Amino acid sequence: QVQLVESGGGLVQAGGSLRLSCAVSGSAFSVNAFGWYRQAPGKQREFVARISSGGNTDYADSVKGRFTISRENAKNTMYLQMNSLKPEDTAFYYCNANIRATILGTAIDYWGQGTQVTVSS
C-alpha cells in the first residue's frame, strides 16, 4: 500500500527557514500532482502549494515569494523550502499526493500524517 511520510518540521524563529520533505513508499505507482496543505488551531485546512507532474507550480498568496515547492521524481519525494518564516505560518503541514496505480490506472489522493511547524516571534 502507498504511504506518505513527512519530515523536516520543527521550531524556528521568525525570519528563519525550514525544508519539509514528503517521501512516498510503495510499488507500482506514479505520482501526478504533489501538494502541501496546512492547518492551524481553530482554522480549516488550507492550500499552501502544489506542483504538477510537469513541474508547474501554484502557491497560496500568503506564501508566494517565500516558499518553494519542488519534486525529485527518481526518489518519489517532494519538498517545500520555507524561507522568511512568520508566526502566521505556524501550523500542522500535510503532504498530499495524487497517485496513479500503474497497472489499474487508478488515481486517488493520499495524505501524510503531517508534521508540525512552529514559528516563534
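Just so you know, these numbers use all the heavy atoms, side chains as well, and skip hydrogens, waters and symmetry mates. In this chain, numbering begins with 1 at the start of the sequence shown. Everything numeric in this text was worked out from a predicted model, so none of it was measured.
- Annotation: the span from T90 atom OG1 to Q116 atom CD amounts to 7.5 Å, rounded to 0.5 Å.
- Interatomic distance, CG of N56 versus CD1 of I51, reported as 8.0 Å (0.5 Å rounding).
- Note that CD of Q81 is 8.5 Å distant from CG of L18, once rounded to the nearest 0.5 Å.
- A single hydrophobic cluster is seen to contain both V12 and V48, as judged by linkage of ILVMFWY side chains at heavy-atom distances under 4.5 Å, directly or through other members.
- The side-chain contact (heavy atoms from CB on, under 4.5 Å) with F34 is formed by just one residue from the set L80, V24, T77, T57; it is V24.
- Distance check, rounded to the nearest 0.5 Å: OG of S121 to NZ of K86 gives 14.0 Å.
- Cluster membership for Y94 and V31, using ILVMFWY side-chain heavy atoms within less than 4.5 angstrom, is not shared.
- Within the structure, ring pair (Phe, Tyr, Trp, His ring centres under 6.0 Å) contacts touching residues 99-121 (residues at least two apart or in different chains) are Y37-W111.
- Across all their heavy atoms, F29 and N76 have their closest contact at CZ-ND2, 3.6 Å.
- Between A107 and N98, the closest heavy-atom pair is CB-OD1, 3.9 Å.
- The two atoms that bring N83 and S17 nearest to each other are OD1-OG, 2.8 Å, heavy atoms only.
- When all heavy atoms of C95 and L4 are compared, the pair lying nearest together is SG-CD2, 3.6 Å.
- In this structure, CD1 in I99 is found 8.5 Å from OG in S30, a value given to the nearest 0.5 Å.
- The shortest side-chain heavy-atom distance between E46 and R38 falls under the 4.5 Å cut-off.
- Here CH2 of W36 is found 13.0 Å from CZ of F47. Values are rounded to the nearest 0.5 Å.
- The two atoms that bring N96 and M78 nearest to each other are O-CE, 4.3 Å, heavy atoms only.
- Side-chain contact between M82 and D89 is absent, with no heavy-atom pair separated by less than 4.5 Å.
- When the salt bridge (charged side-chain N to carboxylate O under 4.0 Å, His left out) test is applied to R50, the partners found at least two apart in sequence or on another chain are D58.
- Heavy atoms from other residues, nucleotides or ligands lying under 6.0 Å from CD of Q113 number 12 at most.
- In terms of heavy-atom proximity, E6 sits nearest to G114 at OE1-N, 2.9 Å.
- Considering R19, E72, R71 as possible partners of Y79, the one that fulfils the side-chain hydrogen bond (donor to acceptor under 3.5 Å, both in side chains) test is E72.
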